[in-house]
2 protein chains.
Amino acid sequence: MTTPLPLAISIGDPAGVGPELICAAWATRAAHGLPPFFAVGSRDLIEAAARRRGLDIAVRAIAAPDEAAALFDEALPVIDLGAADYTPGAPDDAGATLALRALETATGLVRAGAASALVTGPIAKSLLARVGFTQPGQTEFVAQACGITPENAVMMLAGPNLKVVPITVHVPLALVPGLLNAELIRARSAIAAAALTRDFGVQHPRLAVAALNPHAGEDGRMGTEDRDLIAPAVAALREAGIDARGPLPADTMFHAEARATYDAAICMYHDQALIPIKVLDFDKGVNVTLGLPIVRTSPDHGTAFGIAGTGTARPGATIAAIRMAGQCAARRLAAAG
Amino acid sequence: MTTPLPLAISIGDPAGVGPELICAAWATRAAHGLPPFFAVGSRDLIEAAARRRGLDIAVRAIAAPDEAAALFDEALPVIDLGAADYTPGAPDDAGATLALRALETATGLVRAGAASALVTGPIAKSLLARVGFTQPGQTEFVAQACGITPENAVMMLAGPNLKVVPITVHVPLALVPGLLNAELIRARSAIAAAALTRDFGVQHPRLAVAALNPHAGEDGRMGTEDRDLIAPAVAALREAGIDARGPLPADTMFHAEARATYDAAICMYHDQALIPIKVLDFDKGVNVTLGLPIVRTSPDHGTAFGIAGTGTARPGATIAAIRMAGQCAARRLAAAG
């Protein structure tokens, strides 16, 4: 048996909470049973972030991922892309450029098989766009790097109590009904079902598909999408042998008794998915991209420029993202025999 | 000091879970510290529902509400509107007619000052419509009986952990953006703030107003309603001296830390309000109609024809609705001196 490969973590925007949270996660690696990982970014900057947070940790540059595992017990390994200013809360183009290089490099190392999974730190999309980032977000970037169309890269938010998959994500609510169609719902749900098996070890995944309208539309009297789009998608999933139920009234899907009946909830829009998971698993939610040839997770929060460098940002989501990436990677490795 | 008046409870549809849940609530009146109440419906039917549920309780007809309090310790008092068939799960026109008469009578008794508050049992709106009910729901019926326009009767769902006010309720999601306007949001929020003081004893109510779009629309980049409708409504509320904040991203409004910062969440649509409260307070949510001259609550569930008569319907919401009605009525009485 060979040593499992380490995970690669891109630092995200240097002015955000990404760098300090990687340090905080590394500092509690033993308590949380985290697998070996290395950061991709700037060694000096990460060390400065650790100091500012009051963490007396060793941060070491490594030349290649295969040095990470041996070093991991005593120091936080970093693939060093060069120095950068550490000015928490004050993002600039140089920082955005470093964030972009870190994302590209980390993704490349995982794609090349030098690291077992990708964890991405939080970026500010509008800032990265100014320095040449052409994708709407990191998910789309990683999908393209993997040769997967964005439609087939599916976002899941996973916490200890709930897993949700929003079919539409960052769009105005008024556009949601028009963006939904049976094939989109079917395809994303099928990707979610396959990922529950491959990445989460659920042999016979059960999907609960939320309705768009109150009371699941009351048979068309309160909106037609549930009857005309979601019901056919569920029927198609069942025909394909996937244990899907719905459209279910969304308000009664998320209490403990209901959650016990499914492995993931398929939701129609951002808040329908994110409200329940943030009620239940605030600070522990992991953003997992399903349908990729690589494992990719990220903490479910943004750059939090407003509190960067103050030491108050909580590392829970970063720790959860690292742990989940490690578990998913281990499952894929085991399945590959 | 005179004895406080009893509460009036309409039985709802006789084929639903309403009658049995009133019996179950009465049976646990001491354990839950419930104030004296009487049912409005059919004595024989309520007795049959109790028997079927295995409750060996006394059910007594009373001639007038003022007999209820003295009797309440030993029997469930009923204003008897005549016999009716008890066929759980099989609603019919005769049952719907009884439900409608019970609602009318109970509302009338509270309006007349013979009872302190109104609790309405669950009805099936479409069935009542067949027997002459011309309102969309019980809330509108009660509002009209009180001389209040439906726009000024505001629905709140209240549980131990959260109070929510949906600005729009039973409409298709696609219609929500078009139904919202700043004045509607302002007016309903103001009614909610006044009710928090009058009915819930919150001297300086704090309102958290949810955004319609993901991330509160990101300053118009992801939907304009938050910037153009909700922000002005919040500004108008603040100008009127009401402690309102928003538009707030809805997904981060409902975890414990966020909930500690407000007394009620103003939500833009059904599921935005009902998902979080049903995650947190499933089975304990009370529907309260704000802005009325009388106190009116109802359990936050429907007729549940599918489980009526099986003994499995849980009385938690009915008990909570009775208790909350009693508390609100007591506050109004105390304020009236």
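Letters A, B, ... mirror the listed sequences (proteins, then strands); counts begin at 1.
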Participant: Can you tell me how far the CG atom of A:D271 sits from the SG atom of B:C267, to the nearest 0.5 Å?
Facilitator: 10.0 Å
Participant: Does B:R314 pair with A:E257 as a salt bridge, N-O distance under 4.0 Å?
Facilitator: yes
Participant: Using 0.5 Å steps for rounding, measure from the CG atom of B:D283 to the OG1 atom of A:T252.
Facilitator: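 One finds 11.5 Å between CG of B:D283 and OG1 of A:T252.
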Participant: Measuring heavy-atom distances to chain A, does B:P177 have an atom under 4.5 Å in its side chain, in its backbone, in both, or in neither?
Facilitator: side chain
Participant: Which distance, rounded to the nearest 0.5 Å, do you find between the CD of A:E225 and the CG of B:L173?
Facilitator: 7.5 Å
Participant: Can you tell me which portion of B:I277 sits under 4.5 Å from chain A's heavy atoms? Options are side chain, backbone, both or neither.
Facilitator: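 Interface part for B:I277: neither.
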Participant: Between B:D281, B:L280, B:L274, which residue shows the highest count of heavy-atom pairs closer than 4.5 Å to chain A?
Facilitator: B:L274
Participant: Give me the ring orientation class for A:H215 and B:H270: parallel if the planes are under 30° apart, tilted from 30 to 60°, perpendicular past 60°.
Facilitator: perpendicular
Participant: Going by the angle between their ring planes, with limits at 30° and 60°, are A:F282 and B:H255 parallel, tilted or perpendicular?
Facilitator: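 Taking B:H255 first and then A:F282, their aromatic rings lie parallel (interplane angle under 30°).
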Participant: Of all of A:P276, A:G302, A:P249, A:A256, which one pairs up most often with chain B through heavy atoms under 4.5 Å apart?
Facilitator: A:P276
Participant: Report the distance from atom CG of A:D251 to atom CD of B:Q272, rounding to the nearest 0.5 Å.
Facilitator: 13.0 Å
